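Fair warning: this is a prediction, and the values are worked out from it, not measured in the lab.
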Amino acid sequence: MQANGRPTQKNGPSLLLRGLRKSFADVVAVDGLDLEVTRGECFGLLGPNGAGKTTTIEICEGLTALDAGTVELLGLTWSSSENQLRQRIGIQLQETQFPEKLTVDETLRLFRSFFRHGISVEELIRTAQLEEKRHARVGTLSGGQKQRLAMACALVGDPELLFLDEPTTGLDPQARRHLWDLVEGLKQAGRTIILTTHYMDEAERLCDRVAIMDHGRIIALDSPERLIASIGGEHIVEFATTDKNGRDGVVDPALLTAIAGVESHRVDAGLHQLSVRELHTTVPLIFASLAAHGMRLSEFRTHSATLEDVFVGLTGRNLRDE
């Protein structure tokens with residue numbers, strides 16, 4: 001038994017998907033998805049617009065019916081244990097509409113009344129760092145404060161499994177960092193967290209593992225560190241060239257991949273991108289090779305490889321509609 005009096009199953013995954021499928025008319029949103037999230041893990045589900053991640057999460061949350069496959073949360077299914085699951089999971093939507101005339105305290109007491117067991121309002125206010133806003137009406141809160149309130153409402157039932165859907169979208173950098181600190185605290189408390197985000201630095205910072213979805217399927221799944229290592233180099237070199245007459249230069253990709261230390265090459269938004277392991281040895285070779293073929297640099301920069309490089313490399317940069 002847990003301290004709050006609820007039975008808990010410690011063995012088995014927190015979330016298990018097998019052959020999950022969902023279509024809307026002729027559009028296949030989720031195409032035979034298999035996924036397993038272990039207990040106490042912060043798991044990120046990433047993907048471009050239209051990849052199917054929102055539909056997947058809504059099915060897991062019991063908000064959308066599946067067409068085929070199985071979904072288990074904490075060893076239970078929505079079809080047989082809906083009431084029990086509602087008491088054991090927490091959900092923070094991307095945007096939560098609260099009654100604006102209620103105070104923070106009143107809002108939390110309302111949500112707390114929905115659960116047989118849970119966390120006290122006092123503790124939630126401390127966790128969300130809303131002590132100074134306890135008696136403020138929700139309509140007067142800033143965007144970051146409303147998101148912290150939404151997080152507190154998601155935690156009110158002391159959930160074993162927590163869904164966070166784009167929790168920092170639209171927040172300023174300081175408010176994002178506050179939410180990150182809150183999620184870090186939830187991780188340390190051993191909760192299982194499913195996080196969706198468009199911010200790759202957020203996923204890289206918070207998640208133990210991430211899955212990248214595209215066209216309804218998972219196309220990559222591993223820890224952020226291993227996914228970054230999979231692109232073949234620790235650094236990304238970006239540059240554009242002109243010829244001796246100042247026109248945009250055309251560079252043969254084979255010329256670039258033949259340079260010692262270059263692991264991979266692609267063109268993104270008019271820039272050549274090379275994945276390299278050692279900048280100090282490879283960059284001089286790049287300069288020499290381009291100069292030998294009459295090319296001049298019009299742009300040049302480097303950065304350490306990130307999860308965003310993996311994401312864009314796998315899914316492309318073109319935006320799509322949901």
Non-neighbouring partners of R126 that pass salt bridge (Lys or Arg N to Asp or Glu O under 4.0 Å), sequence neighbours left out: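 R126: no salt bridge (Lys or Arg N to Asp or Glu O under 4.0 Å) contacts found.
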
With E106 via salt bridge (Lys or Arg N to Asp or Glu O under 4.0 Å) - residues at least two apart: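 Not a single residue meets the salt bridge (Lys or Arg N to Asp or Glu O under 4.0 Å) criterion with E106.
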
I231/S264 under side-chain contact (heavy atoms from CB on, under 4.5 Å): CA gap, chis, key distance, verdict: CA-CA 8 Å; I231 64 178; S264 64; 5.6 Å; no

Pairing of [X] and [Y] as salt bridge, 4.0 angstrom limit:
X    : Y    : result
R176 : E202 : yes
K133 : D105 : no
D181 : R148 : no
R134 : E132 : no

Sub-3.5 Å donor-acceptor pair from the side chain of [X] to the main-chain atoms of [Y], do we have one?
X    : Y    : result
Q94  : T169 : no
R301 : E238 : no
K53  : G47  : yes
S298 : A240 : yes
T127 : E123 : yes
T107 : T103 : yes

How about [X] and [Y]: do any of their side-chain heavy atoms sit closer than 4.5 Å?
X    : Y    : result
L108 : L149 : yes
H235 : R277 : no
F287 : L297 : yes
F43  : C207 : no
R21  : D31  : yes
L15  : T192 : no
E299 : L271 : yes
L164 : V183 : yes

Does one hydrophobic cluster hold both [X] and [Y], with members joined at side-chain heavy-atom distances below 4.5 Å?
X    : Y    : value
F115 : I119 : yes
W78  : L35  : yes
Y199 : I57  : no
V27  : L33  : no
L274 : V310 : no

Residue pairs, two or more places apart or on separate chains, that pass ring pair (Phe, Tyr, Trp, His ring centres under 6.0 Å) and touch residues 174-194: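 Listed by first then second residue: nothing to list.
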
Of the non-hydrogen atoms in [X] and [Y], which two are nearest, and what is the gap between them?
X    : Y    : value
P159 : A154 : CG-O, 3.5 Å
P284 : L279 : CD-O, 3.9 Å
R112 : H117 : NH2-C, 3.6 Å
G144 : A175 : CA-CB, 4.0 Å
G261 : T282 : CA-OG1, 3.7 Å
L227 : V210 : CD1-CG2, 3.2 Å

Test log, rule side-chain hydrogen bond (donor to acceptor under 3.5 Å, both in side chains), inputs T196 and D165: CA-CA 5 Å; T196 67; D165 187 10; 2.6 Å; yes

For the residue pair [X] and [Y], confirm or rule out a side-chain donor-acceptor distance under 3.5 Å.
X    : Y    : result
E263 : S275 : no
Q84  : E82  : no
E166 : H198 : yes

For S230, side chain to side chain contact (heavy atoms under 4.5 Å, CB included) partners two or more places apart: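 Partners of S230 under the side chain to side chain contact (heavy atoms under 4.5 Å, CB included) test: none.
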
Could you give the distance from [atom1] ([X]) to [atom2] ([Y]), rounded to the nearest 0.5 Å?
X    : Y    : atom1 : atom2 : value
R217 : L20  : CZ    : CG    : 13.0 Å
K146 : T140 : NZ    : OG1   : 8.5 Å
E100 : L141 : CD    : CG    : 9.0 Å

Stepwise side-chain contact (heavy atoms from CB on, under 4.5 Å) test for M151 and L179: CA-CA 9 Å; M151 181 79 79; L179 263 294; 3.4 Å; yes

Show every donor-acceptor pair shorter than 3.5 Å between a side-chain atom in residues 66-74 and any protein atom, with sequence neighbours excluded, or say none if there are none.
residue	atom	partner	partner atom	Å
D67	OD2	S23	N	2.7

Criterion side-chain contact (heavy atoms from CB on, under 4.5 Å) on T56 and L45, from CA distance to verdict: CA-CA 9 Å; T56 299; L45 190 60; 4.2 Å; yes

Qualifying residue for salt bridge (Lys or Arg N to Asp or Glu O under 4.0 Å) with R209, from E204, E41, E225, E36: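 In the set E204, E41, E225, E36, the residue that makes a salt bridge (Lys or Arg N to Asp or Glu O under 4.0 Å) with R209 is E41.
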
Intermediate values then yes/no, side-chain contact (heavy atoms from CB on, under 4.5 Å), H293 and L255: CA-CA 9 Å; H293 289 79; L255 170 68; 3.2 Å; yes

Those residues that, when tested against F239, pass ring pair (Phe, Tyr, Trp, His ring centres under 6.0 Å) (two or more places apart):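 Partners of F239 under the ring pair (Phe, Tyr, Trp, His ring centres under 6.0 Å) test: H272.
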
